[in-house]
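Before any comments, here is the structure.
Note: hydrogens, waters and symmetry copies are ignored here, and every other heavy atom, side chains too, is used.
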Amino acid sequence: MPTGEKVSEEITDLVRWEKECIVEIWPGTGVFTKKIIEKSTDNTIICLEINKDFVDIMQRDYPEAYTYHDDASKLEKYISDHGFSWCNA
């Protein structure tokens, strides 16, 4: 079941938004991604999703996020590819 709008709002309200790399593992259709984009500025958002249908949705609906069709075992590669040595997940 997808995460609801209210839950994603409450959770993203707890984040201190600073210029950094943010990683979302298995974003699905982007409920959290939408809130992250709305609340953050100048952040690099990397999403790793294993479901190709969801990757297509994410790339279409949230081009601000870098969404890759891959699993979390490759996380360090994508963080490094974007010029970071660490991230918030």
Taking Glu20's backbone N and O only, do any of them form a donor-acceptor pair with Asn43's side chain (distance below 3.5 Å, no angle check)?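 Checked: pair present.
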Check for me, please, whether Ile37 and Met58 land in the same ILVMFWY cluster - side-chain distances under 4.5 Å, paths through other members count.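 Linked, Ile37 and Met58 end up in one cluster.
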Spell out, yes or no, whether Ile46 and Phe84 are grouped together once hydrophobic residues are joined by side-chain heavy atoms under 4.5 Å, including indirect joins.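 Yes, it is one cluster - the side chains of Ile46 and Phe84 are joined through contacts under 4.5 Å.
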Separation of [Y] [atom2] from [X] [atom1] (nearest 0.5 Å):
X: Glu38; Y: Glu64; atom1: CD; atom2: CD; result: 10.0 Å
X: Glu49; Y: Thr33; atom1: CD; atom2: OG1; result: 9.5 Å
X: Asn51; Y: Trp26; atom1: CG; atom2: CH2; result: 12.0 Å
X: Ile79; Y: Ile22; atom1: CD1; atom2: CD1; result: 12.0 Å
X: Thr29; Y: Asp53; atom1: OG1; atom2: CG; result: 12.0 Å
X: Ile25; Y: Ile50; atom1: CD1; atom2: CD1; result: 10.5 Å

Could you tell me whether Glu76 atom CD has more than 12 heavy atoms of other residues or ligands within 6.0 Å of it?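 No, CD of Glu76 has 12 or fewer neighbouring heavy atoms, counting only those of other groups under 6.0 Å.
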Is there a side-chain contact between [X] and [Y], using heavy atoms and a 4.5 Å cut-off?
X: Leu48; Y: Leu75; value: yes
X: Val23; Y: Cys21; value: yes
X: Glu24; Y: Ile36; value: yes

Asp56 with Arg60: basic N within carboxylate O range, under 4.0 Å: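 Arg60 and Asp56: not salt-bridged.
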Can you check ring-ring contact (aromatic ring centres under 6.0 Å, His included) on Tyr78 and Tyr68, steps first, answer last? CA-CA 9 Å; Tyr78 292 109; Tyr68 300 100; 4.2 Å; yes
Tell me the closest heavy-atom pair linking Lys52 and His69, and the distance in Å.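 Closest pair (atom of Lys52, atom of His69, distance): N-NE2, 3.7 Å.
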